[in-house]
*Asks:* 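Mind having a look at this structure? Questions to follow.
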Protein chains: 2
Amino acid sequence: MVTLADVARHAGVSASTVSYVLSGKRSISRSTRERVERSIEELGYRPHAGARALASNRSGIIALMVPLRTDIYVPVMLQIAMAVTTTARAHGYDVLLLTGEEGPEAVRRIEGSAVADAMIVMDVELDDERLPLLRTARRPAVLIGLPADAGGLGCVDLDFAAAGALCVEHLAGLGHREIAFIGEAPGVYERHTGFAERTLAGLRSAAGTHDMRLLHRPCASGWTAVAATLGRILEERPGTTAFVVQNEAATDPLLALLRQQRLAVPEDVSVVAICPDQVAAQASVPLTAVAVPAQDMGRRAVEQVVAVLDGGETAGTVLLAPELTVRASSGPAPR
Amino acid sequence: MVTLADVARHAGVSASTVSYVLSGKRSISRSTRERVERSIEELGYRPHAGARALASNRSGIIALMVPLRTDIYVPVMLQIAMAVTTTARAHGYDVLLLTGEEGPEAVRRIEGSAVADAMIVMDVELDDERLPLLRTARRPAVLIGLPADAGGLGCVDLDFAAAGALCVEHLAGLGHREIAFIGEAPGVYERHTGFAERTLAGLRSAAGTHDMRLLHRPCASGWTAVAATLGRILEERPGTTAFVVQNEAATDPLLALLRQQRLAVPEDVSVVAICPDQVAAQASVPLTAVAVPAQDMGRRAVEQVVAVLDGGETAGTVLLAPELTVRASSGPAPR
DNA sequence: TTGAAAGCGCTAACAT
DNA sequence: ATGTTAGCGCTTTCAA
């Protein structure tokens with residue numbers, strides 16, 4: 001294995017000089033730098049991550065905690081994870097993948113062993129049990145999601161309340177008066193996941209403002225579950241003229257079921273989704289939707305983390321403004 | 001920060017004793033062990049990952065290379081990644097997430113900096129450019145997928161050729177004579193991804209044996225693409241009585257489109273999928289399918305890697321036998 | 001602008 | 001059964 005000492009010897013300089021050429025933390029004469037760089041190249045030298053971590057107290061790793069539950073919003077999760085990884089690499093960091101399964105213990109483990117310089121936590125619950133630990137940790141943490149009390153932790157999320165309101169306003173403008181909200185799986189609400197509750201709050205408040213009736217139904221994934229949910233909604237509220245859907249797994253079954261019931265979209269009923277643009281665009285009826293900017297969220301989270309690590313700036317809350325794209329699934333209320 | 005030396009002092013023993021209590025690499029008297037363990041507990045000691053990596057030449061990290069392309073088989077990818085992470089944790093390892101984007105350079109980086117003890121590589125192409133590097137690396141590597149020439153590298157994969165054959169045989173037994181194969185996106189074949197090509201080969205060979213006509217059509221994701229593909233198939237081969245689908249994103253649209261065309265499943269046409277069981281079970285018509293055992297694949301890959309790391313046994317190729325589950329989407333050929 | 005040298009916290013060979 | 005000690009490869013003062 002090629003070490004820094006080998007490079008120093010090969011270039012005829014001291015070890016510290018090589019180190020400084022690498023880190024750029026002090027000025028090096030042009031000729032020396034070039035000589036060292038050539039030696040590095042020729043010998044194929046790579047700094048040993050462990051040695052560097054020990055000496056510098058920096059591992060160059062960002063830990064990413066992903067929920068293990070693969071039943072919900074899978075594409076969003078993967079998109080975020082990928083964006084985090086790509087952005088982290090662009091800043092010279094690698095990403096350690098943790099499953100939410102480990103819970104608070106994972107936070108202790110990462111913190112204690114100094115294996116990562118910072119943490120990014122996804123799928124945050126309103127009163128998440130990992131938060132106290134993250135707050136007192138010596139390493140920065142950024143949440144993707146918004147808990148009840150961020151309390152000094154950096155947060156990145158879509159403004160889901162505004163997203164919900166935006167859906168309602170779009171439908172109100174089209175003359176709809178009675179709408180149904182097909183939400184995430186019941187478990188998501190039971191866990192008090194921030195984004196789900198905030199969306200619901202946004203919908204309710206805007207529905208109130210616009211004097212609309214709103215029916216909320218959580219919905220598990222799977223064709224059968226969607227069919228059951230739709231059946232119950234149509235029975236309870238036969239006057240429903242529009243659906244807001246925040247459940248990636250439900251959009252396609254919903255459209256197919258409406259078709260089966262001879263309900264034309266958007267002539268008979270409108271559908272507005274809250275999902276990634278790609279999902280909305282590829283549906284059987286291209287969906288009017290508020291985009292969940294998964295890539296953006298991942299990218300911003302890393303940028304916050306890196307800002308703290310490199311600059312020392314303390315992280316705040318970044319709420320991304322929702323954008324609604326009108327496609328083929330929404331239209332004027334019938335009659 | 002609490003160090004091993006702190007623990008040693010607190011317990012009244014030497015540093016090495018603490019180290020050996022932790023590693024179990026030599027016998028320690030019961031009383032000493034308990035005293036040390038109590039000190040560790042009381043002080044809240046965690047070994048410093050970097051220091052350990054430097055001294056032991058082991059990082060306790062397994063690198064996982066995941067394709068960046070999020071357009072294909074997303075749930076499978078995430079399921080595998082999660083299974084890898086969970087299994088790795090069970091063996092005391094953490095997982096570093098790499099995107100395929102970096103290509104061979106990532107292999108060099110990981111290898112050179114000793115940041116990971118081993119690599120698991122997903123989405124392997126038949127003649128993958130990362131293979132030569134992985135072979136000469138000093139750290140073990142296991143592929144999830146099967147290249148043209150594994151050449152000493154450990155491999156884990158579903159036996160996709162057998163899976164394809166199994167689909168054909170099931171349909172042959174039901175009297176079908178003319179079948180269409182809706183495959184992955186064209187790009188997947190262009191990249192010569194192993195599993196896609198092997199499935200096709202298995203289908204073709206079995207179709208030959210059973211004297212069936214087989215039409216293969218790659219298919220991009222998205223409703224429109226599936227509709228176009230189905231349209232062309234029905235036009236070219238109006239006698240088609242069964243579909244084999246290896247494209248998670250296409251199954252649901254396909255079923256909906258068939259319904260629209262008044263083709264009843266399975267009375268008029270049969271559908272057999274190659275996809276995770278969960279996807280098959282949740283479809284609008286529960287699908288007869290060969291399961292892609294994503295969890296299993298992830299788990300087995302880690303077990304291979306760990307076997308090499310811990311035991312030194314050299315890894316072979318593990319081809320998982322396909323299993324076909326009959327559900328509601330397949331039945332006797334019409335007429 | 002460069003070098004010398006003291007650790008960083010842990011492991012493992014060598015002693016006893 | 002336990003202790004002593006020499007590194008592992010790098011960063012970073014301190015000195016020149």
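Since this is a predicted model, take the numbers as computed values, not measurements. Every chain is numbered from 1 and lettered A, B, ... according to where its sequence line falls, protein lines coming before strand lines.
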*Asks:* Provide, to the nearest angstrom, the distance between the CG atom belonging to B:N57 and the C1' atom belonging to D:dG9.
*Replies:* 11 Å
*Asks:* Taking DNA chain D as the partner, which of residues 33-44 of chain B come within under 4.0 angstrom of it by heavy atom?
*Replies:* none
*Asks:* Check whether B:R300 reaches the backbone of B:V318 with its side chain - one donor and one acceptor, N or O, closer than 3.5 Å.
*Replies:* no
*Asks:* Could you state the atom-to-atom distance from CE of A:M1 to C1' of D:dG9 in whole Å?
*Replies:* 7 Å
*Asks:* Is the shortest heavy-atom distance from the side chain of A:R52 to the side chain of A:L22 under 4.5 Å?
*Replies:* yes
*Asks:* Of all the heavy-atom pairs spanning A:L98 and B:D94, show the shortest one and how long it is.
*Replies:* CD2-OD1, 3.6 Å
*Asks:* Would A:E42 and A:R38 pass as an ion pair if we require N to O under 4.0 Å?
*Replies:* no
*Asks:* Given the rule in the side chain to side chain contact (heavy atoms under 4.5 Å, CB included) test, do A:I61 and B:I61 qualify, once you have shown the distances and angles that lead to the verdict?
*Replies:* CA-CA 12 Å; A:I61 288 178; B:I61 288 177; 4.3 Å; yes
*Asks:* Where do N or O atoms of nucleotides 12-16 of chain D meet protein N or O atoms at under 3.5 Å, pair by pair?
*Replies:*
from, atom 1, to, atom 2, distance (Å)
D:dT12, OP2, A:K25, NZ, 3.1

*Asks:* Distance check, rounded to the nearest 0.5 Å: A:R191 atom CZ versus A:L126 atom CG?
*Replies:*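 Spacing of CZ (A:R191) from CG (A:L126) equals 11.5 Å.
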*Asks:* Pick the closest DNA chain D nucleotide for B:V13 and for A:H48 by heavy atoms, then say which residue is nearer the 5' end.
*Replies:* B:V13
*Asks:* Side chain of A:D117, backbone of A:G60: donor and acceptor closer than 3.5 Å?
*Replies:* yes
*Asks:* Closer than 3.5 angstrom, by distance alone: can the side chain of B:T87 be matched with the main-chain N or O of B:V84 as a donor-acceptor pair?
*Replies:* no
*Asks:* May I ask you to say what A:L22 touches in the nucleic acid, namely base, sugar-phosphate or nothing, with a heavy-atom cut-off under 4.0 Å?
*Replies:* nothing
*Asks:* Using a strict 4.0 Å threshold on nitrogen-to-oxygen distance, state whether B:E105 and A:R46 make a salt bridge.
*Replies:*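 Judged by the 4.0 Å cut-off on N to carboxylate O distance, B:E105 and A:R46 do form a salt bridge.
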*Asks:* Taking any atom under 4.0 angstrom from a heavy atom of chain B, which nucleotides of DNA chain C are the first and last to qualify, 5' to 3'?
*Replies:* C:dG9 to C:dC14
*Asks:* I need the A:M82 CE to B:M77 CE distance, nearest 0.5 Å.
*Replies:* 8.0 Å
